[in-house]
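Have a look at the structure below before the remarks.
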Protein chains: 2
Amino acid sequence: MLAEIRRYKKIPRIDLSESTGISRATVTTITADLLKEGLIEEVRSETPEKDLRRGRPKVDLKIRGAAHHVVGIKIANKSLSTVLHDFEGIQIADHEVALEESVFEADALADEVSKAIEGLTSTAGLSAEEVSGVGVGIAGTVDALQGFVYWSPSLHQRNVELGQVLEDRLGVPVFLDNDANLVAVAERAFGLAKENSDFIVITIESGVGMGIVIGNELYRGNRGCGAELGHTKVQLDGALCRCGQRGCLEAYVADYALLREAGISGRHKSVSKVEDLLSAARDGDSVAKSIVDRAGRMFAMGLANIVNIFDPELIILSGEQMHSDHLYASEVIDAMRNSVVHIDKPGPEVVIHKWGDLMWARGAAAFALDEVSEIAITGHRENAQ
Amino acid sequence: MLAEIRRYKKIPRIDLSESTGISRATVTTITADLLKEGLIEEVRSETPEKDLRRGRPKVDLKIRGAAHHVVGIKIANKSLSTVLHDFEGIQIADHEVALEESVFEADALADEVSKAIEGLTSTAGLSAEEVSGVGVGIAGTVDALQGFVYWSPSLHQRNVELGQVLEDRLGVPVFLDNDANLVAVAERAFGLAKENSDFIVITIESGVGMGIVIGNELYRGNRGCGAELGHTKVQLDGALCRCGQRGCLEAYVADYALLREAGISGRHKSVSKVEDLLSAARDGDSVAKSIVDRAGRMFAMGLANIVNIFDPELIILSGEQMHSDHLYASEVIDAMRNSVVHIDKPGPEVVIHKWGDLMWARGAAAFALDEVSEIAITGHRENAQ
DNA sequence: TAAATAAATTTGCAAATCAAATTAAATCAA
DNA sequence: TTGATTTAATTTGATTTGCAAATTTATTTA
């Protein structure tokens with residue numbers, strides 16, 4: 001019910017009854033409880049449009065922002081970006097910290113996270129104790145339910161109970177997940193999947209990530225390490241990937257893959273930024289064009305495989321960097337559509353969503369909001385961390 | 001509850017309470033209803049082992065076989081195989097009919113199905129009216145909820161409401177689905193996934209099919225045409241597939257793909273059966289070996305992609321034909337394991353399940369059993385056909 | 001034959017939810 | 001301005017669901 005109110009931002013009881021299928025009587029009972037607990041509040045709807053109707057006017061309900069505060073953190077390559085949201089989902093503050101290193105011991109990382117949160121909350125005039133939960137997004141292979149990191153480019157060690165380490169340090173509930181999963185959560189909460197119960201989000205950062213939402217739930221797989229689109233294979237014995245295997249999609253579309261190819265060609269030996277390669281391609285340079293084109297065709301192939309497996313209603317290509325434009329080009333989407341099983345019914349909607357650089361942290365905050373709501377209602381967290 | 005009893009075949013109330021988490025009191029209430037409706041029955045447990053215990057003895061419950069009968073049908077290339085199961089899931093009769101054609105008009109196919117069912121029930125001494133539901137498995141792209149066939153190799157037309165056509169002809173509820181999905185249902189009901197709520201079944205017949213079970217539910221995708229493993233791409237601009245596209249997994253591992261390659265080589269120009277090619281490979285023929293090996297490596301790649309996406313706990317390689325042995329070889333499974341993201345926790349269990357030729361029809365029967373049980377309990381079918 | 005033991009059932013209660021009746025808050029029409 | 005009308009929200013009383021605890025039933029053991 002909280003989630004429903006959050007989705008609509010403002011909604012009167014009678015519409016809640018309509019949209020959830022719960023009777024009006026029960027909606028009254030439930031919302032009365034939530035009001036008493038201070039989790040929601042009534043707003044007198046001042047929209048003049050509605051004043052035309054006769055009868056008792058609807059009274060909108062909304063989440064009470066002051067009820068809780070949550071922090072979202074993205075652990076990036078050499079930075080921590082953090083956001084503070086109120087319970088309504090409104091962003092109150094954000095804060096970005098540069099890091100000296102890009103790989104840490106778990107304890108040292110916990111120090112940095114703790115410092116970043118202090119910085120964030122103090123600018124917002126809030127004490128760290130007033131935070132009800134912290135969502136953390138990190139690249140790598142993560143078991144979100146356990147708060148366990150099998151491997152991450154940000155950690156020296158493998159198999160770290162990072163969720164527990166952070167929780168011990170911060171003294172508030174910590175919700176840890178793979179960063180791509182959190183983008184999916186953000187798309188559902190703030191983004192382009194507000195109305196969708198089943199969709200797939202694909203993110204391109206330095207690697208290729210995926211978040212799968214089925215029946216309003218993140219699908220995480222048995223060990224919590226599914227959705228590794230970047231390491232699905234698109235070529236038998238193909239290009240070498242950072243993961244040590246060959247033929248991974250990432251090894252054809254990631255920055256390092258494009259630069260590796262550029263380095264082969266005499267003409268582009270000195271190219272060190274993907275942007276330069278892309279602009280050369282746009283200017284008609286045939287070698288640059290061939291490199292970029294192949295990346296697009298490989299990406300289309302990876303996308304097509306996802307469509308052939310999931311037959312989703314919606315795919316969101318979600319990225320912060322303009323330099324992935326070549327992968328989001330209409331020729332690439334068309335190539336994907338030509339590589340899926342064809343039936344006489346339109347295929348998935350594909351939308352491109354370019355976010356600012358806070359997208360990752362906001363996803364983490366959205367995750368924390370979901371979990372804190374769960375705790376507020378049930379009294380305990382669902383996962384087993 | 002019915003499903004739980006069916007899974008255990010025989011189970012006393014107290015164990016049902018244990019395994020479902022429902023209180024003993026409620027189990028008594030529910031099972032009393034089921035007993036009254038005649039859907040289950042008590043069996044005096046005659047196992048001498050239990051007689052050692054003091055106290056009131058447990059009374060096993062089981063599904064009452066006579067409560068309902070269902071038919072399962074597989075529409076194959078030039079045959080219809082049918083099975084008759086009682087409500088307990090016990091196979092009462094089976095019947096195989098050869099067909100003149102392999103592609104039909106919908107009405108003509110309905111005639112053949114109707115005749116086959118008559119033949120089946122009459123050998124079992126049952127009238128067609130005593131059948132509570134018919135499960136139908138067909139190759140192609142199917143929206144199971146609607147009973148709608150977008151395309152099937154067995155039908156001349158595209159976009160046929162085959163479920164409705166069959167239901168009108170037979171006068172009993174018809175449950176239609178893609179054949180690979182039904183194998184997944186059969187694995188859950190009778191096979192190797194009795195204890196698993198999440199698993200993936202891969203079938204190799206003339207094509208490559210897949211059934212995805214997530215949270216005890218078949219995952220079918222938005223339009224009902226997901227799980228098309230056979231048409232995921234394993235090679236950019238690769239071998240031509242029957243579907244008209246290039247690089248499909250099927251175009252590397254299906255019979256026709258192997259024979260196509262054999263036809264290229266002078267040495268194997270006359271080979272017309274895959275079995276011959278396989279035995280040549282086993283005998284050390286280098287060309288045959290190269291053909292068969294590549295199929296295995298491509299299959300491993302397709303499998304690895306599934307693991308990287310789903311991180312399943314169990315994969316069942318399920319096939320009726322011995323001639324897929326080269327794809328189920330341990331080298332292939334090992335190659336798959338070497339192509340998935342590696343973490344310090346064991347990957348999916350992979351099991352090979354070779355069925356008799358009635359596997360497809362039994363899957364259809366299992367599907368019908370599930371749906372007829374649903375109707376018996378709720379009073380209506382869940383889907384919208 | 002009585003005591004002990006364990007399964008199954010019954011009983012009475014608590015929580016959740018709903019349909020229908022009622023109340024509340026507004027507009028409309030005379 | 002006032003009563004009729006309309007629509008939202010609440011209250012009421014009933015129903016359903018499911019449980020814990022007490023009781024009954026069926027069996028073994030002493």
Side-chain angles (χ1 to χ4, degrees), chain A residues 1-5 8-64 373-374 376-380 382, chain B residues 1-5 8-64 373-374 376-380 382:
Chain A
M1 180 66 71
L2 260 189
E4 200 75 7
I5 299 173
Y8 287 99
K9 298 208 197 263
K10 291 196 315 190
I11 184 170
R13 280 165 254 246
I14 193 164
D15 294 359
L16 269 177
S17 166
E18 182 73 20
S19 78
T20 59
I22 296 170
S23 75
R24 298 172 189 194
T26 307
V27 168
T28 292
T29 318
I30 295 175
T31 55
D33 274 355
L34 297 176
L35 280 166
K36 205 171 63 193
E37 292 171 45
L39 297 176
I40 61 174
E41 60 192 359
E42 293 189 338
V43 277
R44 194 41 58 113
S45 38
E46 299 294 352
T47 38
E49 167 262 327
K50 281 177 188 159
D51 292 343
L52 300 175
R53 308 182 18 57
R54 12 175 165 185
R56 180 175 178 171
K58 302 177 178 185
V59 178
D60 280 329
L61 299 172
K62 66 182 272 293
I63 304 287
R64 197 172 72 92
S373 299
E374 178 79 19
I377 289 169
T378 67
H380 57 86
E382 206 172 4
Chain B
M1 181 68 70
L2 260 189
E4 200 73 8
I5 298 173
Y8 286 99
K9 297 204 197 265
K10 290 196 315 192
I11 185 171
R13 280 165 253 245
I14 193 164
D15 293 359
L16 267 177
S17 165
E18 182 74 20
S19 78
T20 60
I22 296 170
S23 74
R24 298 174 191 192
T26 307
V27 168
T28 293
T29 319
I30 295 176
T31 53
D33 274 355
L34 296 176
L35 279 165
K36 205 172 63 194
E37 292 171 46
L39 296 176
I40 61 174
E41 61 192 358
E42 294 190 336
V43 277
R44 195 40 59 112
S45 38
E46 300 293 353
T47 38
E49 168 261 330
K50 282 176 188 158
D51 293 344
L52 300 175
R53 305 182 19 57
R54 297 204 202 198
R56 180 173 177 172
K58 301 177 178 185
V59 178
D60 279 329
L61 299 172
K62 66 182 271 295
I63 303 288
R64 198 172 72 91
S373 299
E374 178 80 18
I377 290 170
T378 67
H380 58 86
E382 207 172 2

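If you're wondering where the values come from, they're calculated on a predicted model, not measured in any experiment. Order of the sequence lines sets the chain letters (A, B, ...), proteins ahead of strands, with each chain counted from 1.
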message: Without decimals, in angstroms, what is the distance between B:Asp15 CG and C:dA6 P?
response: 14 Å
- line: Which of C:dA8, D:dT29, C:dC28 is nearest the side chain of A:Arg54? It is C:dC28
query: Partners of A:Glu42 by side-chain hydrogen bond (donor to acceptor under 3.5 Å, both in side chains), sequence neighbours excluded?
result: A:Arg13
- prompt: To the nearest 0.5 Å, what is the distance between CD1 (B:Ile30) and CD1 (B:Ile5)?
  reply: 9.5 Å
task: Name all residues meeting the side-chain hydrogen bond (donor to acceptor under 3.5 Å, both in side chains) criterion together with B:Glu18; count only those two or more places apart in sequence or in a different chain, and write none if there are none.
output: none
- prompt: What's the CG-P distance between A:Asp33 and D:dT11, to the nearest Å?
  reply: 13 Å
field: B:Arg56 CZ - D:dT29 P separation (whole Å)
entry: 18 Å
task: Scan every strand shown for a Watson-Crick or G-U wobble partner of C:dT17, both distances under 3.5 Å, and answer none if you come up empty.
output: D:dA14
- request: Starting at atom CG of A:Leu16, determine the distance to atom P of D:dA8, rounded to an integer number of angstrom.
  value: 13 Å
Distance below 4.0 Å between B:Arg13 side-chain N/O and C:dT9 OP1 or OP2: yes
Which atoms of nucleotides 16-22 of chain C (N or O only) lie under 3.5 Å from a protein N or O atom, and what are those distances?
unit_1 : atom_1 : unit_2  : atom_2 : d
C:dC18 : OP2    : A:Ser23 : N      : 2.9
C:dC18 : OP2    : A:Ser23 : OG     : 2.9
C:dC18 : OP2    : A:Thr26 : OG1    : 2.8

query: Mapping A:Ile14 and A:Gly55 onto DNA chain D by nearest heavy atom, which one lands closer to the 5' end?
result: A:Gly55
message: Could you work out, with salt bridge (Lys or Arg N to Asp or Glu O under 4.0 Å) as the rule, every residue matching B:Lys9, not counting sequence neighbours?
response: none
Show which side-chain atoms of residues 31-39 of chain A pair as donor or acceptor with protein atoms under 3.5 Å away, not counting sequence neighbours.
unit_1  : atom_1 : unit_2  : atom_2 : d
A:Thr31 : OG1    : A:Val27 : O      : 2.7
A:Thr31 : OG1    : A:Thr28 : O      : 3.1

- prompt: Excluding sequence neighbours, so at least two apart, what forms side-chain hydrogen bond (donor to acceptor under 3.5 Å, both in side chains) with B:Ser23?
  reply: B:Thr26
query: NZ of B:Lys36 versus P of C:dT9: gap in Å, rounded?
result: 14 Å
